[in-house]
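Along the sequence shown, residues are numbered consecutively beginning with 1.
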Amino acid sequence: MASSQRTRSRRPHARRDREPRYVAPVLDPTWVSPYAPSPAERHRHAAVMRAYALRRRLVASVAAGAVVVAFAVLAVALSPWLWLAAVVVGVLYAVDLRRVVAGYATRAHGTAEALLARFSSDGDPVARERLATLVDRLSATFGVDGVRAEVVRDAGYNAALVPGPGGFVMVATSALVQDFELIEIEGVVAHCLARERIGVLERECVAALDLTGEPARALAGPGETFRADEVAAATIRYPLGIATALRRCRAQAAPAGSFLADPAFDGWRWVFFNPWSDRRESAPGDLDDPEVRARALEEW
């Protein structure tokens, strides 16, 4: 009888032990959204620019190194004072090399002037106001300061964000501003601002100023337009606006007389929203292709 009572008294306690314990939810402080630009991403693009600048100075670097070695050899054979000359030459060249490498980061600031020189201003105050309103609103959303809106006269559909003195210039063709729906222009502007947020803008601009063809693409960064689409879509939360704008660009053949149909466009293509305005066929394996980008955004 006593044993039976002890068994009954333990049963409720046993049931309580088998109940799942409450675990309070804890947010992971290290979690980062894959659609948000990160400092590591910006540092990676900055490292590419430094490597490019060092390659451009490779011949001068080899020559300076040869001079230092020559002074060191002569110091052993002739006079120890020549070690001082070797050190002075090495230090002076290192200082100059650092200045040149840092200069590439600011060299892109002349891109706006060079690009605008290839167009004539549209002069339509309504079109400019339409673009400027979106630029002002989205600049605050993306945290990009000092963006000026410029509408240029061109029958092709395209736009670009480029650095200029004191900030940035959003350049959009008159055809794009006049023909696109507001939500589509918003997608284009968001994409361009996203390029600055991920830190790829300087790479693209220096590629436009220095290179053409595959070397320009390698410096600008293959697939970076796809990445900018992701960041832009996550920020404005409407990927279909960007997708529709891409499909409009894809459907248009670059009109005769448009800068987008000019051979000079090849050097500038990577700063533009649609870098393949002069290509009619689609390339399924190319992440910069407007058709590939549009499909990815529509499936998001």
Find the distance between [atom1] ([X]) and [atom2] ([Y]) and round it off to the nearest 0.5 Å.
X      : Y      : atom1 : atom2 : value
Ile236 : Ile183 : CD1   : CD1   : 6.5 Å
Glu150 : Leu115 : CD    : CG    : 10.5 Å
Asp136 : Glu129 : CG    : CD    : 8.0 Å
Cys192 : Leu161 : SG    : CG    : 6.0 Å
Asp145 : Phe168 : CG    : CZ    : 8.5 Å
Cys249 : Trp276 : SG    : CH2   : 15.0 Å

How close do [X] and [Y] get, counting heavy atoms only, and between which atoms?
X      : Y      : value
Gly267 : Thr212 : CA-CG2, 3.9 Å
Ala149 : Ala132 : CB-CA, 3.7 Å
Pro255 : Gly156 : CD-CA, 3.8 Å
Phe142 : Ala232 : CZ-CA, 4.0 Å
Ser282 : Pro284 : O-CD, 3.6 Å
Ala296 : Phe226 : CB-CE1, 3.5 Å

For Tyr238, ring pair (Phe, Tyr, Trp, His ring centres under 6.0 Å) partners two or more places apart: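 Counting only residues at least two positions away or on another chain, Tyr238 forms no ring pair (Phe, Tyr, Trp, His ring centres under 6.0 Å).
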
Ring pair (Phe, Tyr, Trp, His ring centres under 6.0 Å) partners for Phe180, two or more places apart: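 Expected list: Tyr157.
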
Look at the side chain of [X] and the backbone N and O of [Y], then say whether any donor-acceptor pair between them is shorter than 3.5 Å.
X      : Y      : value
Arg197 : Val231 : no
Glu184 : Glu181 : yes
Asp266 : Gly213 : yes
Thr111 : Ala108 : yes

Test: salt bridge (charged side-chain N to carboxylate O under 4.0 Å, His left out). Region: residues 278-289. Which pairs qualify, not counting sequence neighbours?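 Listed by first then second residue: Arg217-Asp286, Arg217-Asp288, Arg269-Asp278, Arg279-Asp286, Arg279-Asp289.
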
Determine, using the 4.5 Å side-chain heavy-atom cutoff (strictly less than), whether [X] and [Y] are members of one ILVMFWY cluster.
X      : Y      : value
Phe273 : Val151 : yes
Val271 : Phe119 : yes
Val171 : Leu209 : yes
Leu134 : Leu240 : no
Leu297 : Leu138 : yes

Do Ser277 and Asn158 have side-chain atoms, one donor and one acceptor, less than 3.5 Å apart?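 Result is yes, a qualifying pair exists.
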
Measure the shortest side-chain to side-chain distance between [X] and [Y] over non-hydrogen atoms and say whether it is less than 4.5 angstrom.
X      : Y      : value
Leu193 : Val147 : yes
Val188 : Ile242 : no
Met170 : Arg148 : no
Leu131 : Val189 : yes
Thr225 : Leu287 : no

Could you check Arg153 against Ser120 for side-chain hydrogen bond (donor to acceptor under 3.5 Å, both in side chains), going step by step and ending with a plain yes or no? CA-CA 6 Å; Arg153 186 176 292 113; Ser120 58; 3.3 Å; yes

SB check [X] [Y] (cutoff 4.0 Å):
X      : Y      : result
Arg227 : Glu230 : yes
Arg293 : Glu291 : no
Glu196 : Arg42  : yes
Arg195 : Glu224 : no

As a quick check of understanding, evaluate side-chain contact (heavy atoms from CB on, under 4.5 Å) for Asp122 and Val152, giving each step before the final call. CA-CA 5 Å; Asp122 179 61; Val152 295; 5.9 Å; no

Is the ring pair Phe265/Phe259 parallel, tilted or perpendicular, if the boundaries are 30 and 60 degrees?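 Aromatic pair Phe265/Phe259 classed perpendicular.
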
Going through the checks in order, is the side-chain contact (heavy atoms from CB on, under 4.5 Å) test met by Glu186 and Val135? CA-CA 8 Å; Glu186 180 186 63; Val135 167; over 6 Å; no

Does atom CD of Glu113 have more than 12 heavy-atom neighbours, drawn from other residues, nucleotides or ligands, at distances under 6.0 Å?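 No, CD of Glu113 has 12 or fewer neighbouring heavy atoms, counting only those of other groups under 6.0 Å.
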
Kindly determine whether Arg247 and Glu298 satisfy side-chain contact (heavy atoms from CB on, under 4.5 Å), including the steps that lead there. CA-CA 11 Å; Arg247 289 208 174 276; Glu298 288 164 352; 2.7 Å; yes

Go through Leu201 and Glu204 one step at a time and tell me if the side-chain contact (heavy atoms from CB on, under 4.5 Å) criterion holds. CA-CA 5 Å; Leu201 206 58; Glu204 295 171 341; 3.8 Å; yes

Establish, for the pair Arg203 and Tyr52, whether the NZ or CZ atom is under 6.0 angstrom from the six-membered ring centre and no further than 45 degrees off its axis.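 Judged by the rule (NZ or CZ under 6.0 Å from the ring centre, within 45° of its axis), Arg203 is not positioned above Tyr52.
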
